[in-house]
Amino acid sequence: MADAPRRSTPSPTELARRTADRAVVPVVGKALEAAIAVLFIGLLTTVLFGGVVPDHRAAVGHELTDRTLATATEQVESNAVVPESAVRGSRRADVDLPRAIRGSAYRVAYVPNATFGGDSNATAPALVLDHPNDAFDRQVPVTLPESVTVSGAWDSGNDCVVRVVVEDDGATLELANEPVSGGTDG
């Protein structure tokens with residue numbers, strides 16, 4: 001009968017080395033898990049801020065610009081209509097516009113002869129939104145009665161109001177930045 005190979009008895013230093021190696025394995029495993037988590041978060045952040053988030057912010061900025069100018073135009077056109085029974089007087093209406101579009105202040109002004117479609121002969125009265133980022137600049141034609149004159153501008157970041165003064169020879173509509181009163185004066 002052949003003798004089975006004998007296992008040698010490890011020396012005390014060999015036992016101590018094996019024990020030390022077993023203690024390192026969990027530490028190396030946790031370090032690899034942490035490295036994979038950090039790599040995943042870095043990759044996800046790069047993908048989001050490299051393309052998805054800026055595109056979404058730009059789309060929201062364009063939508064907010066369109067809505068802001070539509071709201072401003074509606075306020076100007078509705079306040080420019082003066083009842084025929086009005087002879088003299090004034091009123092004021094608050095206009096609720098966003099303080100910033102895509103993190104920047106902007107200006108809305110009335111331009112009596114804005115050009116549309118690149119044709120310098122095609123002009124009309126318009127409200128023009130001027131933003132530091134030219135991609136958000138817009139203009140919308142405004143329909144006003146002949147007897148109404150418009151002046152002033154709104155700077156975002158401040159409260160915006162429309163003041164209408166009716167005189168014998170027509171109405172004056174002013175776009176102004178003043179503290180809001182909470183509604184419309186009659």
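Throughout, numbering of the chain's residues begins at 1 and tracks the sequence.
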Check for me, please, whether [X] and [Y] land in the same ILVMFWY cluster - side-chain distances under 4.5 Å, paths through other members count.
X      : Y      : answer
Leu175 : Val165 : no
Leu44  : Val38  : no
Val25  : Ile36  : no
Val111 : Leu129 : no

Side chain to side chain, [X] and [Y], heavy atoms closer than 4.5 Å:
X      : Y      : answer
Glu178 : Arg92  : yes
Glu77  : Thr143 : yes
Asp96  : Thr71  : no
Pro12  : Leu15  : no
Phe136 : Ser104 : no

Grab the two heavy atoms, one from [X] and one from [Y], that are nearest each other, plus how far apart they are.
X      : Y      : value
Asp168 : Arg88  : OD2-NH2, 3.0 Å
Ser156 : Ala105 : OG-CA, 3.2 Å
Pro54  : Leu48  : CD-O, 3.7 Å
Ser78  : Arg91  : O-NH2, 3.9 Å
Leu173 : Val76  : CD1-O, 3.7 Å
Thr73  : Pro141 : CG2-O, 4.0 Å

**OP:** Would you check, one step at a time, whether the test side-chain hydrogen bond (donor to acceptor under 3.5 Å, both in side chains) holds for His62 with Arg57?
**Re:** CA-CA 9 Å; His62 287 291; Arg57 287 186 69 202; over 6 Å; no
Separation of [Y] [atom2] from [X] [atom1] (nearest 0.5 Å):
X      : Y     : atom1 : atom2 : value
Thr46  : Ile41 : OG1   : CD1   : 11.5 Å
Arg138 : Thr68 : CZ    : OG1   : 10.0 Å
Arg102 : Leu64 : CZ    : CG    : 12.0 Å
Leu97  : Arg67 : CG    : CZ    : 14.0 Å
Arg17  : Ser11 : CZ    : OG    : 9.0 Å
Glu174 : Ser90 : CD    : OG    : 11.5 Å

Original post:
Are the side chain of Tyr106 and the backbone N or O of Pro98 linked by a donor-acceptor pair below 3.5 Å?
Top reply: yes
Subject >> Check: Trp154 side chain, Asn177 main-chain N or O, donor-acceptor pair, under 3.5 Å >> reply: no
Subject >> Under-4.0 Å salt bridge between Arg99 and Asp159 >> reply: yes
**OP:** Could you tell me whether Arg107 and Asp130 have a side-chain N and a carboxylate O separated by less than 4.0 Å?
**Re:** no
**OP:** Determine, stepwise, if the pair Leu32 / Val28 fulfils side chain to side chain contact (heavy atoms under 4.5 Å, CB included).
**Re:** CA-CA 6 Å; Leu32 286 174; Val28 171; 4.3 Å; yes
Subject >> Partner of Tyr110 by side-chain contact (heavy atoms from CB on, under 4.5 Å), out of Val150, Val128, Thr149 >> reply: Val150
**OP:** Show the numbers, then the answer: is there a side chain to side chain contact (heavy atoms under 4.5 Å, CB included) between His131 and Val108?
**Re:** CA-CA 9 Å; His131 192 272; Val108 175; over 6 Å; no
